[in-house]
There are 4 protein chains.
Amino acid sequence: MTTKQKLKEAAMRLFGEKGYDGTALSEIAKEVGVKTPAIYAFYENKEDLFMTVFREAMDSYNTYVQELSGEKKKLGAKESLRRVLARQYEFYQRHREESVLVLRYVVFPPVFLKETIEQAFLNSDGLLTSIIEQFILQGMEEGSIPDQSLQPLVDAFLNVMDGLAMQYFYYTSKEVYERKLNHAFDTFWNGVSS
Amino acid sequence: MTTKQKLKEAAMRLFGEKGYDGTALSEIAKEVGVKTPAIYAFYENKEDLFMTVFREAMDSYNTYVQELSGEKKKLGAKESLRRVLARQYEFYQRHREESVLVLRYVVFPPVFLKETIEQAFLNSDGLLTSIIEQFILQGMEEGSIPDQSLQPLVDAFLNVMDGLAMQYFYYTSKEVYERKLNHAFDTFWNGVSS
Amino acid sequence: MTTKQKLKEAAMRLFGEKGYDGTALSEIAKEVGVKTPAIYAFYENKEDLFMTVFREAMDSYNTYVQELSGEKKKLGAKESLRRVLARQYEFYQRHREESVLVLRYVVFPPVFLKETIEQAFLNSDGLLTSIIEQFILQGMEEGSIPDQSLQPLVDAFLNVMDGLAMQYFYYTSKEVYERKLNHAFDTFWNGVSS
Amino acid sequence: MTTKQKLKEAAMRLFGEKGYDGTALSEIAKEVGVKTPAIYAFYENKEDLFMTVFREAMDSYNTYVQELSGEKKKLGAKESLRRVLARQYEFYQRHREESVLVLRYVVFPPVFLKETIEQAFLNSDGLLTSIIEQFILQGMEEGSIPDQSLQPLVDAFLNVMDGLAMQYFYYTSKEVYERKLNHAFDTFWNGVSS
DNA sequence: GATGAATGAGCATTCATTCAT
DNA sequence: CATGAATGAATGCTCATTCAT
């Protein structure tokens with residue numbers, strides 16, 4: 001793997017773990033086995049490295065989420081919605097570094113990123129919203145969800161997702177997390193389908 | 001107000017907004033109208049100042065939550081649970097700085113705080129759990145919640161709370177947030193009570 | 001003498017000798033017997049230190065020049081003009097560091113100083129011009145200088161001064177310099193008075 | 001034009017404008033449209049590039065001056081001397097970059113150049129002196145200059161030249177400069193011929 | 001309590017230079 | 001010839017911290 005790629009990965013992990021200000025370029029370089037100035041052969045400066053890495057993580061998350069919409073017809077609404085949570089969980093597990101980074105900086109953006117990130121977040125949020133809407137509409141068509149206005153259900157589901165996002169990062173136990181995921185979803189579905 | 005108090009407040013806000021590493025003692029001092037070394041008259045060092053401030057924020061949050069349990073008998077279970085969310089929201093609004101700080105460092109603790117914070121969090125979490133349990137039991141006694149095992153409902157409710165916590169910090173609009181809060185709770189209660 | 005003062009003097013000499021870019025703050029600090037960051041207790045940054053020092057040198061030169069005009073009546077025009085050169089020479093000798101600095105940066109200003117310096121130079125130049133004018137007028141009144149238009153003589157005298165300024169810095173020998181000064185002035189006066 | 005030649009020209013301009021320490025090799029390379037290490041194919045290091053360029057500028061100036069001596073018989077002494085100034089002026093205009101460089105580093109040589117430059121300067125100065133001497137002697141033979149010792153007149157003329165050199169770099173206006181040149185020379189000639 | 005002076009440690013960044021390709 | 005990758009050395013600057021006053 002190229003030095004540039006390795007720098008990106010080290011940066012991803014360290015920026016995620018210790019934050020932008022808490023991560024020295026020298027640490028990133030050291031992890032890659034290179035001296036600090038070598039970074040400047042690939043990135044303009046610390047901010048550039050961070051932004052590159054952050055954008056990539058964000059894109060990776062968005063792509064992951066977007067792929068859900070391709071599968072809508074195969075499953076019932078309930079299973080589709082559960083799959084959304086499962087997929088989010090899968091992303092956290094397979095791309096832990098990206099997840100941490102995205103979550104961290106979406107909730108606590110450094111000043112110089114605030115605007116860019118809000119933009120990116122609204123984008124991603126809108127995408128997700130429309131996917132959820134489709135699944136819920138599907139549920140109404142199927143009859144598994146009674147006819148009612150859409151927004152409350154979408155809001156509730158997004159709330160479940162956000163709650164699970166936070167919990168993923170402070171409940172380290174797989175079992176506990178999966179239990180919480182199931183309980184949250186079951187209660188949600190109960191509320192939606194009755 | 002004493003310098004010490006003023007330092008605590010400035011530190012609270014700045015540590016919350018810009019993070020531990022992103023906040024220089026000189027900034028805190030400047031906000032208070034004092035030179036940096038003056039801080040050392042009250043706090044051993046940066047870490048000490050941070051810990052003091054963090055602990056206080058955490059305590060403030062815990063106290064706020066704890067006060068809920070005193071009121072259990074006056075209201076029905078549904079209203080009591082809704083009040084929990086309302087109270088959390090109230091805390092965010094009245095003590096925005098404390099909220100940001102607690103949320104930020106519970107989810108992303110700096111290395112030197114990891115252990116302390118996990119302890120504190122488990123504590124707070126346990127407290128909250130038992131309060132929620134009581135309200136749900138009350139609901140079962142009242143008949144507003146069908147008999148069933150407790151944990152799923154508690155997990156679901158805590159998840160609603162966590163979701164709302166995150167959302168408070170990235171949806172800045174009051175109206176949007178309140179809508180999301182109501183929709184999340186209504187769906188939860190629908191799922192729980194049916 | 002205070003550290004601040006000592007810093008200024010070291011900066012004056014080093015900036016004059018080795019230029020702005022050729023002088024590291026660490027050198028200045030070292031000469032004063034202090035570590036580099038101590039500089040920041042007194043000056044905002046390198047540019048600030050330089051500007052302070054430069055402005056002071058410029059002021060010092062201007063003051064020196066200005067003092068000439070107070071003495072006009074005591075001497076004949078010829079002696080007064082010769083005294084201007086003598087006084088400039090005296091300034092170079094007594095304030096060698098200031099001289100070098102002023103000359104260096106008036107002729108070769110760094111980009112960030114161009115404007116400020118041009119301003120300061122025009123100021124100083126105007127001052128000097130009017131002093132020379134007075135002495136020449138005095139010469140005409142006395143009859144030592146034939147009536148004629150002023151500007152050619154002023155231009156010629158200022159040119160003598162500029163030439164001597166340059167020569168001071170590349171002819172290190174006192175004797176040679178003084179000879180050149182006398183020859184230049186004598187020829188000038190010959191040209192002016194005939 | 002060859003890369004080597006282009007490098008020399010870029011170096012000439014940049015070293016003249018911003019000084020040796022203020023000019024990065026990368027800037028020079030960028031102006032030529034080449035990467036920094038390419039420079040090392042032609043020059044041993046920065047110093048070598050600088051010295052090459054400086055020597056060339058110095059030679060160019062010397063050659064220019066030397067060419068004056070070939071023409072001595074065609075004109076009267078006065079016109080010949082005026083031509084020296086005109087030619088110097090012409091050189092400044094046609095070879096502005098070279099002029100700046102020569103002037104800058106003759107007056108303010110960097111440490112590593114001091115010796116070389118003093119040598120070169122004395123050489124050039126001697127050359128110029130002997131040319132001026134010839135013209136003045138010619139004037140005496142012609143009778144346009146009264147018999148007298150040579151040195152004062154040579155010194156005075158060189159002073160005029162030096163003054164004009166300095167002024168060329170801080171009076172940007174062509175008209176002003178030409179006026180100053182004429183006034184300086186006329187006064188000089190007046191002084192010399194009477 | 002509070003401050004001015006000072007510092008050690010560290011950081012982002014620049015730059016001249018090297019070397020394999 | 002020219003470049004990409006890499007580095008050692010240095011630079012300006014920041015920051016937490018100390019200490020005498």
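Per chain, numbering begins at 1; letters A, B, ... match sequence-line order. Being a predicted model, the structure only gives us computed values, none of them experimental.
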Side-chain atoms of D:Lys35 come closest, of F:dG4, F:dA6, E:dA2, to F:dG4
Output all residues satisfying side chain to side chain contact (heavy atoms under 4.5 Å, CB included) with C:Asn123, sequence neighbours left out; order by chain, then residue number.
-> none
Would you indicate which nucleotide in F:dA2, E:dA6, F:dT7 comes nearest to any side-chain atom of D:Phe42?
-> F:dA2
Ring pair (Phe, Tyr, Trp, His ring centres under 6.0 Å): which pairs involve residues 27-48 of chain D, sequence neighbours left out?
-> none
Does B:Gly33 or A:Glu27 map to a spot on DNA chain E nearer the 5' end, using the closest nucleotide for each?
-> B:Gly33
Distance-only donor-acceptor hits, side chain of residues 103-114 of chain C, under 3.5 Å, sequence neighbours excluded:
unit_1	atom_1	unit_2	atom_2	d
C:Arg104	NH1	C:Gly16	O	2.7
C:Arg104	NH1	C:Glu17	O	3.1
C:Tyr105	OH	C:Phe15	O	3.4
C:Tyr105	OH	C:Tyr20	N	2.6

Can you tell me how far P of E:dA6 sits from NZ of C:Lys6, to the nearest Å?
-> 8 Å
Solution key, residues 29-36 of chain C side-chain donor-acceptor pairs under 3.5 Å, sequence neighbours excluded:
unit_1	atom_1	unit_2	atom_2	d
C:Glu31	OE1	C:Arg13	NH1	2.9
C:Glu31	OE1	C:Arg13	NH2	2.9
C:Glu31	OE2	C:Arg13	NH1	3.4

Side chain to side chain contact (heavy atoms under 4.5 Å, CB included) filter on D:Ala24, not counting sequence neighbours, yields D:Ser26, D:Glu27
Under a 3.5 Å cutoff on both atom distances, Watson-Crick or G-U, what's the dot-bracket for DNA chain F ([ ] crossing, | other strand)?
-> .||||||||||||||||||||
Nearest-Å distance, CG (C:Leu49) to P (F:dT11)?
-> 15 Å
With sequence neighbours left out, what residues match B:Asn62 under side chain to side chain contact (heavy atoms under 4.5 Å, CB included)?
-> B:Met58, B:Ser124
C:Ile28 CD1 to F:dA10 P, straight-line distance once rounded to whole Å | 17 Å
D:Lys30 has an atom NZ; how far is it from atom P of E:dA16, in whole Å?
-> 13 Å
For A:Asp21 and A:Lys46 the tightest heavy-atom approach is CA-NZ, 4.3 Å
Value in whole Å for how far the P atom of F:dA2 lies from NZ of D:Lys4 = 12 Å
Between B:Phe15 (CZ) and F:dC15 (P), how many Å, whole number?
-> 13 Å
What integer distance in Å separates C:Ile39:CD1 from F:dC15:P?
-> 17 Å
Who are the side chain to side chain contact (heavy atoms under 4.5 Å, CB included) partners of B:Gln5, not counting sequence neighbours?
-> B:Met1, B:Thr2, B:Lys8, B:Glu9
When every non-hydrogen atom of A:Leu101 is compared with those of A:Met12, the smallest separation belongs to CD2-SD, 3.8 Å
What is the distance from OH of B:Tyr43 to C1' of E:dG1, rounded to the nearest Å?
-> 14 Å
Using a 4.0 Å heavy-atom cut-off, write out nucleotides 16-21 of chain F from 5' to 3' as B (base contacted by protein), S (sugar-phosphate only) or - (no contact).
-> SBBB--
